[in-house]
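Lettering of chains follows the sequences in order, A, B, ..., and the numbering in each one begins at 1.
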Amino acid sequence: MADRRPELEEREMPRAKRPRVDDRDPASNPYLAHMYENNGNGNGGYNGVARTGLSDFKRHETTAAQAHTAEDGPNNPFNNTPLSKQYFNILKTRRDLPVHKQRQEFLDMFHKTQILVFVGETGSGKTTQIPQFVLFDDLPHFNGKLVACTQPRRVAAMSVAQRVANEMDVKLGEEIGYSIRFEDVTGPKTVLKYMTDGMLLREAMHDHNLARYSCIILDEAHERTLATDILMGLLKEVALRRPDLKIVIMSATLDAQKFQRYFNDAPLLAVPGRTHPVEIFYTPEPERDYVEAALRTVLQIHATEPEGDILLFLTGEEEIEDACRKISLEADEMIREADAGPLKVYPLYGTLPPQQQQRIFEPAPPPSRPGGPPGRKVIVGTNIAETSLTIDGIVYVVDPGFSKQKVYNPRIRVESLLVSPISKASAQQRAGRAGRTRPGKCFRLYTEAAFKKELIEQTYPEILRSNLANTVLELKKLGIDDLTLMRALEELNYLACLDDDGNLTQLGKLASEFPLDPALAVMLISSPEFYCSNEILSLTALLSVPQVFVRPASAKKRADQMKDLFKHEDGDHLTMLNVYHAFKGAEAQADPKRWCHEHFLSLRALQSADNVRQQLKRIMEKSEIDLLSTDFNDKEYYTNIRRALVAGFFMQVAKKDGSGKTYKTVKDDQSVLLHPSTVLAVDSEWVVYNEFVLTTKNYVRTVSSVKPEWLLDIAPNYYDLTTFKKGDVRTALERTLDRVKRKQSTKRSK
DNA sequence: GAGCACTGC
């Protein structure tokens, strides 16, 4: 990343002058010996290392007992300052954690092997303790390197880093830091860095050998995020080039054998967790209506089970709000008629404002009279409650077995959200939520046979775990054109990011610098040609964040009126740009919170767009892409912006079909309607769209009107009329071409 | 005249 550069150079330069370090035999290493002797005299040593409890540690030869002694103080082995009372208090609890018993076993394995798989169930302490075990043995600061520990989520990276900083009695951002998008809390002293997996992946783009790191710990590998999967593929190759790099793959589930196999039978260490047993119940017969069955189960738990809160998993906002209403109603009746305890119901989903999300942590209501039936809280949530948010006090989990998942249909090239059965791994994760504080129960609203036979093991497809190039080749050899992959390659080829041989082009290289979808990146990179890169920069940021328009069910009309204030008749893109410009205006900036509220706009989304814009701007400056604007009074101001849209989204164009309201997509001839939220009038003949949504009907959303001659002019390869498939679109474009030619010839003859 | 599960750069 651009803003990371200076620090990288500072780290790299002195190292280049140093003698080569043989990591496997530090005792025989003249450089390390030199460090041990010079007690922090400033001769290349790290901050008083030699004076601390680590000075006689031999890298990759340490023992648990040695680390134990160093941890006992009295001074902090990493900065030689006296350790606090709080430190010793935490130390005691840390030594009770299950992983602690196997510290020596871990070290033995860590010494012997380059790659190691570590399985620790929830509550084992793996995320906080293993990186510290590594730190005391890998001693990254002796080599001017770092230990990295990746997390799939930003909040986890931040909160775990804070926790470990407390455990090690250091200030966050010094010896222990974290790095997430838009936030780098690390410094020159940092030895252990928690970071998001995506962040490490970005760094790897510029540092192919991950040279800054002496050890990389991939945590929560079982979650199989795209970034973790790609990192695993990458690390497998980096390991060959860098025999000195240690790698630890950490996972929560026992099918970690898959990871072992992937890393050439890497050794595995498993540590039990500290969770309470969860009893699983299945329904004897399949349920026809899972929402109805879920409500029944929740109410039955409330009526018959002892004290303890309930967590119900449903699939989306509407379903959850509806269920909350029904549960509250039924519970009131139970209280009146059957002397049931009070029941509080809380919804929980991602788009819920943070304050409302926080309400789930309110304590359960007390019994309505002393000695009466227990009060309870019920949380009805999406799978955000599966991994992202942990709620203590949950004793009962109700799992209907469904979640909304992104499904890509390569045939019609549409991505949509579908309610689908969850995987076994998810089901286990959900059940585990019942046993965090005491033994719990999980009610699965499907049969045991269905769990065993119908649920897939893991949610992510195998393809993400394989070397893609190889997979493509194999698929081709087998005569199978994997549609998803082939279409992706084809699109990148049309966007001129890949050449006809599948190699990365200059444009492709540049596009990969941006944390954006390729079409957005290409639009942004091309925008100076249309004299509007400042505006496209804003628009790109806006298109990369959640919806800026807020439309609460209680005030739809007023929200729409406010939106009309920003309306631009040429489409939603320009309307969004108007919003952004107004938001950056003096009036709005005086009190952004109030202004957004009054105008039914999401402050969070706009601030986030601002953040993204700044980041993209830095990358543009670094890549020397000009930032320019057409004069606002020029009549081409808005036209230029719409033309720039076509440079990235020429494949997402729809043409009006006959005289009605339907449109046909250029790409696949799909019938679509303009989404009702659009500001565009239906008389636009050609539109460019940002998104295809499949709900009750096929819609294109965030649309702007464009002219057919722009398509021919800006994307001639895609709209090559000699090869373009026959049909309505081609006929219309041919007519356009004739008209343009006629105009040119009449001009010439004049 | 509609509805967006969840992450991440």
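Under the rule for a ring pair (Phe, Tyr, Trp, His ring centres under 6.0 Å), A:F649 has no partner lying at least two apart in sequence or in another chain. Checked against ring pair (Phe, Tyr, Trp, His ring centres under 6.0 Å), A:F600 has no partners two or more places apart in sequence or in another chain.
As rounded to whole Å, 12 Å separates atom C1' of B:dA5 from atom CG of A:L348. In this structure, A:N698 atom CG and B:dG1 atom P are separated by 17 Å, rounded to whole Å. Distance, A:M205 CE to B:dG8 C1': 14 Å, rounded to whole Å. For the pair A:L674 CG and B:dG1 C1', the computed distance is 12 Å after rounding to whole Å. A:L314 places its CG atom 16 Å from the P atom of B:dC4, with the value rounded to the nearest Å. Straight-line distance from the NZ atom of A:K556 to the C1' atom of B:dA2: 8 Å, rounded to whole Å.
Across all strands shown, A:R153 has heavy atoms under 4.0 Å from sugar-phosphate atoms exclusively, and none from any base. Using a 4.0 Å heavy-atom cutoff across all strands shown, A:I180 reaches sugar-phosphate atoms only and no base atom. Using a 4.0 Å heavy-atom distance criterion, A:Y349 is classed as a sugar-phosphate-only contact. Contact annotation for A:E317: backbone-only contact, meaning every heavy-atom pair under 4.0 Å involves sugar-phosphate atoms and none involves a base. Within 4.0 Å of A:F182, counting heavy atoms only, lies no atom of the nucleic acid at all. Note on A:T382: only backbone sugar-phosphate atoms sit closer than 4.0 angstrom, heavy atoms only; bases stay farther off.
For residues 567-576 of chain A, proximity to DNA chain B is found at no residue, defined as any non-hydrogen atom under 4.0 angstrom from a strand atom.
One finds a side-chain N or O of A:K661 lying less than 4.0 angstrom from the OP1 or OP2 phosphate oxygen of B:dG1. Residue A:T196 places at least one side-chain N or O under 4.0 Å from the OP1 or OP2 atom of B:dC9. Residue A:R154 places at least one side-chain N or O under 4.0 Å from the OP1 or OP2 atom of B:dC9.
Salt-bridge annotation for A:E183 and A:R154: absent, with no side-chain N of the basic residue lying under 4.0 Å from a carboxylate O of the acidic one. Remark: A:D560 does not engage A:K556 in a salt bridge, criterion side-chain N to carboxylate O under 4.0 Å.
Inspection of the A:S426 and A:E386 side chains reveals an N or O donor paired with an N or O acceptor under 3.5 Å.
Under the 30°/60° scheme for interplanar angles, the aromatic rings of A:F692 and A:Y689 are found to stand perpendicular.
If A:F514 and A:P676 are placed on DNA chain B by their nearest nucleotide, the residue sitting closer to the 5' end is A:P676.
Remark: the A:R551 side chain and the B:dA2 base include a donor-acceptor N/O pair separated by less than 3.5 Å.
No more than 12 heavy atoms of other residues, nucleotides or ligands sit less than 6.0 Å from atom NZ of A:K617.
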